[in-house]
A.B. asks: 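Dropping the structure in here first, questions after.
Each chain gets a letter, A, B and so on, in the order its sequence line appears, and its residues count up from 1.
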Amino acid sequence: MKIGKMNLMSTQQERIDAAEEQMAEAQAVALEQLPVDERLYRIRHSAAHVMAEAVLRIFPDAKVAIGPPIENGFYYDFDLPRHLTPEDLEQIEEHMREIVSGDHRFTRTVLSREAASEMFCGQPYKLELIRELPDGQEISIYTQNSFTDLCRGPHVDSTRRIHPKAFKLLSVAGAYWRGDEKRPMLQRIYGTAWETPKELRAHLEHLKEVEKRDHRRVGRELDLFSTHEEAGPGLIYWHPKGSRIRIAIEDYWRAAHREGGYEMLFTPHVGKAWLWQTSGHLDFYKENMYAPMELDNADYYAKPMNCPFHIMIYKTRMRSYRDLPLRWGELGTVYRYERSGVLHGLLRVRGFTQDDAHIFCTPAQIEDEIKEVLRFSLKIWDDFGFSNTKAYLATRPPKSVGDEDRWYQAQRSLQAAIEDQGLDYELDEGGGAFYGPKIDLKIRDALGREWQMTTIQFDFNLPDRFDMSFTDSDGREKRPYMVHRALLGSLERFFGVLIEHYGGAFPLWLAPVQAVVIPVASAFDGYAAEVADLLFRAGFRAEADLSDDRMNAKIRNAQNTKTPCMVIVGEQEQQARTVSLRTRTGERTSNIALEDFMRRMHDKVVTRAEI
RNA sequence: GCCAGGAUAGCUCAGUGGUAGAGCAGCUCACUCGUAAUGAGCAGGUCGAGAGUUCGAAUCUCUCUUCUGGCUCCA
């Protein structure tokens with residue numbers, strides 16, 4: 001089955017193949033004639049080789065593994081006699097600068113398997129790679145200066161193409177040989193490389209901006225959430241200000257789902273072993289589940305997913321085709337054991353609330369349902385300020401349950417929905433779960449980073465395991481289709497992405513403090529408190545800053561916490577019962593009548609616009 | 001889980017074997033001020049936990065906890 005444009009998934013391979021053809025024609029393709037992606041690819045790949053040469057100068061006995069170009073840079077894995085320090089990185093960088101300023105040519109040589117094995121006899125990782133190369137594949141090596149690497153290329157023609165001030169080594173990290181935790185742990189050096197020093201500087205600036213927006217940092221600065229090692233890692237505590245945002249998100253979410261034809265469910269947090277045995281989780285998902293607690297001689301497990309509970313509700317009565325589709329949503333809090341090393345702020349946690357939904361429908365309804373759920377998802381992403389969305393369609397893997405026809409229909413409905421929305425998408429052939437195909441949506445944030453959030457997933461497994469059925473118009477019992485859907489994914493993770501997307505400067509409708517009322521002097525505290533109270537009673541998240549600080553300090557605090565509206569009141573405002581507005585963008589408007597200000601706030605909130 | 005690097009006041013960090021420090025935040029007092037930090041004073045820490053070495057440990061060693069960066073991007 002052929003679906004869609006196969007973009008990024010195979011770009012790298014295609015790029016390499018295409019480049020290899022070119023290489024066969026002429027070894028020295030003028031770098032300038034290549035597209036920028038290709039130029040950077042070669043520069044980065046070549047920089048990795050140069051780094052390996054530099055490392056070998058310092059550690060002549062080093063075993064080298066692999067060193068590919070990656071997004072924004074490159075890495076190389078080494079097996080070294082000791083651990084690298086930051087000083088080592090500087091030294092390696094110095095050697096690299098020396099090498100690249102030397103106009104050493106990258107020369108390609110094709111050789112036989114035997115000759116290659118001979119050449120890399122002291123390099124066990126290279127030998128393993130050579131052994132695994134399929135018969136008939138050309139084996140090539142690249143040499144620059146004193147270093148030769150097993151490599152398919154392509155590279156730049158000379159080391160002087162790598163600007164000595166346009167690359168930088170960034171970090172060293174452990175990495176298993178071939179990503180396999182049973183294999184040796186190697187030391188991976190990450191670097192970034194660009195065509196010009198200016199681009200490098202821009203990239204380093206970008207990294208700084210990423211750090212500044214880090215949700216853990218912003219979360220602390222704006223008093224949004226915390227975690228507590230004493231109380232358990234990977235478990236999130238939502239502070240009052242964070243909770244205000246969550247409530248704003250949930251209120252919007254519930255209203256949207258009501259409009260979208262969803263019913264809401266509430267289900268328990270724990271379930272007996274029977275439930276998880278029936279669902280198959282105890283067979284296939286147990287290592288991700290919290291250990292059971294024993295009550296009355298029965299094991300209860302904290303739920304890692306909501307689906308079995310929704311199925312229990314489905315099965316409480318006979319379902320007719322007339323009842324379908326059922327769209328059932330739940331903000332369901334689940335617990336999953338994540339390995340300690342992978343926990344990360346709000347983005348990877350052990351307890352989280354999914355904005356889950358399950359759709360049960362007839363085969364005839366499936367295509368429309370999928371179209372609708374995708375349309376619905378995109379609308380919600382748009383409302384949250386994310387309009388750059390990309391879809392990933394994952395199809396049937398070799399090992400899977402469910403018959404061919406259903407997989408085919410499901411995949412076709414997913415594809416039709418994507419095309420219906422005119423979405424850019426990639427195909428992940430065989431990348432679906434064993435129980436069904438899926439669409440994942442990745443959204444792009446303000447810094448251009450992609451986050452996988454939404455998943456729309458068919459399930460051919462659970463309906464069988466729980467023996468679900470509906471009575472069709474012909475009076476026969478049939479199996480319903482079941483679709484899992486998590487839109488924002490988890491509220492914790494979504495919150496983390498939202499924080500970084502806006503850098504803490506949340507749009508008015510989400511801001512934890514929409515307006516802070518600042519008296520110019522404490523003589524006007526009374527009026528400030530009154531204004532804040534009126535705003536609060538009108539439903540806005542507003543407060544007065546009646547602290548001892550001077551007005552300038554209060555404004556500074558409000559700016560630093562990215563409060564959208566600073567409402568300044570003094571003698572004039574008190575007399576006229578008006579306010580003066582300073583927005584966080586620095587715009588100032590004097591003497592707005594209170595009612596006008598509240599109307600303006602209200603308009604901006606409901607339209608999710610900036611003030 | 002594994003590798004490396006961290007953990008010192010609420011926060012950011014200094015302190016490398018000899019009496020625990022700074023800035024910000026907090027508290028108190030004074031100042032009453034019109035759009036990004038008023039000033040002075042006070043208080044605040046079993047130096048992540050436990051064990052060890054030492055006359056003496058924030059500092060050296062070991063164990064544990066936890067955080068950070070990685071562990072897919074296949075020569």
A.B. asks: Of all the nucleotides listed (G34(B), G1(B), C71(B)), which has the minimum atom distance to the side chain of Tyr190(A)?
C.D. replies: C71(B)
A.B. asks: Roughly how many Å apart are C24(B) and U72(B), using the C1' atom of each and rounding to a whole number?
C.D. replies: 42 Å
A.B. asks: Just the rounded figure in Å: distance from P of C2(B) to NE2 of His83(A).
C.D. replies: 14 Å
A.B. asks: Hunt down the Watson-Crick or G-U wobble partner of G1(B), both distances under 3.5 Å, from any strand shown, or write none.
C.D. replies: C71(B)
A.B. asks: Considering only the P atoms, how many Å lie between U61(B) and G6(B), rounded to the nearest integer?
C.D. replies: 11 Å
A.B. asks: Heavy atoms under 4.0 Å, any strand shown: does Glu71(A) hit a base, just sugar-phosphate, or nothing?
C.D. replies: nothing
A.B. asks: Under 3.5 Å, is there a donor-acceptor pair between the side chain of Gln123(A) and the main chain of Val64(A)?
C.D. replies: yes
A.B. asks: When rounded to the nearest Å, what value does the distance between P atoms of G15(B) and U53(B) take?
C.D. replies: 29 Å
A.B. asks: Of the options C73(B), G69(B), G34(B), whose atoms approach the side-chain atoms of Arg188(A) most closely?
C.D. replies: C73(B)
A.B. asks: Can a side chain N or O of Arg220(A) be found less than 4.0 Å away from OP1 or OP2 on U12(B)?
C.D. replies: yes
A.B. asks: Over all strands shown, is Lys126(A) touching base, sugar-phosphate only, or nothing at heavy-atom distances under 4.0 angstrom?
C.D. replies: sugar-phosphate
A.B. asks: Between atom OH in Tyr75(A) and atom P in G69(B), what is the gap in whole Å?
C.D. replies: 18 Å
A.B. asks: Determine the interatomic distance between P on U32(B) and the same-named atom on A14(B); round to the nearest Å.
C.D. replies: 41 Å
A.B. asks: Please enumerate all residues that pass ring pair (Phe, Tyr, Trp, His ring centres under 6.0 Å) together with Tyr125(A), with sequence neighbours excluded.
C.D. replies: Trp177(A)
A.B. asks: Partner lookup for A7(B), please. Criteria are Watson-Crick or G-U wobble with both distances under 3.5 angstrom; report none if nothing qualifies.
C.D. replies: U65(B)
A.B. asks: Specify the separation, in whole Å, of atom CG of Leu186(A) and atom P of C73(B).
C.D. replies: 12 Å
A.B. asks: So Gly232(A), base contact, sugar-phosphate only, or nothing? Heavy-atom distance under 4.0 Å.
C.D. replies: nothing
A.B. asks: Would you say the side chains of Gln144(A) and His104(A) form a donor-acceptor pair under 3.5 Å?
C.D. replies: no
A.B. asks: Please report the distance separating the C1' of A43(B) from the corresponding atom of G56(B), rounded so that it comes out in whole Å.
C.D. replies: 30 Å
A.B. asks: Counting distance alone, no hydrogens or angles: does the base of G1(B) have a donor or acceptor under 3.5 Å from a partner atom on the side chain of Glu338(A)?
C.D. replies: no
A.B. asks: Kindly determine whether Glu426(A) and Lys442(A) satisfy salt bridge (Lys or Arg N to Asp or Glu O under 4.0 Å), including the steps that lead there.
C.D. replies: CA-CA 11 Å; Glu426(A) 281 170 26; Lys442(A) 288 191 185 176; over 6 Å; no
A.B. asks: Under 4.0 Å, heavy atoms only, any strand: does Ile130(A) hit a base, just the sugar-phosphate, or nothing?
C.D. replies: nothing
A.B. asks: For A20(B) and A58(B), measure between their P atoms and round to the nearest Å.
C.D. replies: 8 Å
A.B. asks: Examine U68(B): is either OP1 or OP2 under 4.0 Å from a nitrogen or oxygen in the side chain of Arg216(A)? Give yes or no.
C.D. replies: yes
A.B. asks: Could you check which of G69(B), U32(B), C71(B) has an atom nearest any side-chain atom of His344(A)?
C.D. replies: G69(B)
A.B. asks: Which value, in whole Å, describes the distance between the P atoms of nucleotides U65(B) and G50(B)?
C.D. replies: 15 Å
A.B. asks: Assign Glu287(A) to base, sugar-phosphate, or nothing according to its heavy-atom contacts below 4.0 angstrom with the strands shown.
C.D. replies: nothing
A.B. asks: Hey, which sits more toward the 5' end of RNA chain B by its nearest nucleotide, Tyr337(A) or Trp177(A)?
C.D. replies: Tyr337(A)
A.B. asks: Taking for each residue the nucleotide of RNA chain B bearing the nearest heavy atom, is the 5' side occupied by Ala523(A) or by Ser580(A)?
C.D. replies: Ala523(A)
A.B. asks: Donor-acceptor pair, distance only, cut-off 3.5 Å: does the side chain of Arg336(A) make one with the backbone of Pro304(A)?
C.D. replies: yes
A.B. asks: Ignoring hydrogens and angles, state whether a donor on the side chain of Gln559(A) or Arg582(A) is under 3.5 Å from an acceptor on the partner side chain.
C.D. replies: yes
A.B. asks: Would Ser146(A) and Glu53(A) count as having a side-chain donor-acceptor pair, cut-off 3.5 Å?
C.D. replies: yes
A.B. asks: Using a 4.0 Å heavy-atom cut-off, does Glu571(A) contact any base of the nucleic acid, only the sugar-phosphate backbone, or nothing at all?
C.D. replies: base
A.B. asks: Sticking with atom P, work out how far A22(B) lies from A37(B), rounded to a whole angstrom.
C.D. replies: 25 Å
A.B. asks: Quick test: give all pairs of protein nitrogen or oxygen and nucleotides 36-46 of chain B nitrogen or oxygen below 3.5 Å, distance rounded to 0.1 Å.
C.D. replies:
| from | atom 1 | to | atom 2 | distance (Å) |
| --- | --- | --- | --- | --- |
| A36(B) | OP2 | Arg582(A) | NH1 | 3.4 |
| A36(B) | N7 | Arg582(A) | NH2 | 3.1 |
| A36(B) | N6 | Gln559(A) | NE2 | 3.1 |
| A37(B) | N7 | Arg556(A) | NE | 3.0 |
| A37(B) | N7 | Arg556(A) | NH2 | 3.0 |
| A37(B) | N6 | Arg556(A) | NH2 | 2.7 |
| A37(B) | N1 | Arg556(A) | NH1 | 3.4 |
| U38(B) | O4' | Arg550(A) | NH1 | 2.9 |

A.B. asks: In terms of side-chain heavy atoms of Ala175(A), which of U35(B), A4(B), C71(B) is nearest?
C.D. replies: C71(B)
A.B. asks: Tell me what Thr227(A) touches on the nucleic acid: a base, only sugar-phosphate, or nothing, going by heavy atoms under 4.0 Å.
C.D. replies: nothing
A.B. asks: Send over the distance from Asp223(A) CG to G26(B) P, rounded to a whole Å.
C.D. replies: 12 Å
A.B. asks: Between atom CD in Glu450(A) and atom C1' in U72(B), what is the gap in whole Å?
C.D. replies: 15 Å
A.B. asks: What's the CG-P distance between Leu89(A) and G69(B), to the nearest Å?
C.D. replies: 17 Å
A.B. asks: Hey, does the side-chain of Tyr176(A) have a donor or acceptor N/O within less than 3.5 Å of a partner on the base of G1(B)?
C.D. replies: yes
A.B. asks: Does Arg39(A) reach the main-chain N or O of Leu34(A) with its side chain, forming a donor-acceptor pair under 3.5 Å?
C.D. replies: yes
A.B. asks: Report the distance from atom CG of Leu343(A) to atom P of G1(B), rounded to the nearest whole Å.
C.D. replies: 9 Å
A.B. asks: Tell which nucleotide pairs with C31(B), taking only Watson-Crick or G-U wobble pairs whose two distances are both under 3.5 angstrom.
C.D. replies: none
A.B. asks: Give the minimum heavy-atom separation between Leu508(A) and Glu610(A), together with the two atoms involved.
C.D. replies: N-OE2, 3.7 Å
A.B. asks: Applying a 4.0 Å non-hydrogen cut-off, can you work out what Gly179(A) is touching in the nucleic acid: base, sugar-phosphate, or nothing?
C.D. replies: sugar-phosphate
A.B. asks: If I take atom NZ in residue Lys442(A) and atom C1' in nucleotide U72(B), what distance separates them, rounded to the nearest angstrom?
C.D. replies: 11 Å
A.B. asks: Can you give me the closest heavy-atom contact between Glu38(A) and Pro154(A), atom names plus distance?
C.D. replies: OE2-CG, 3.7 Å
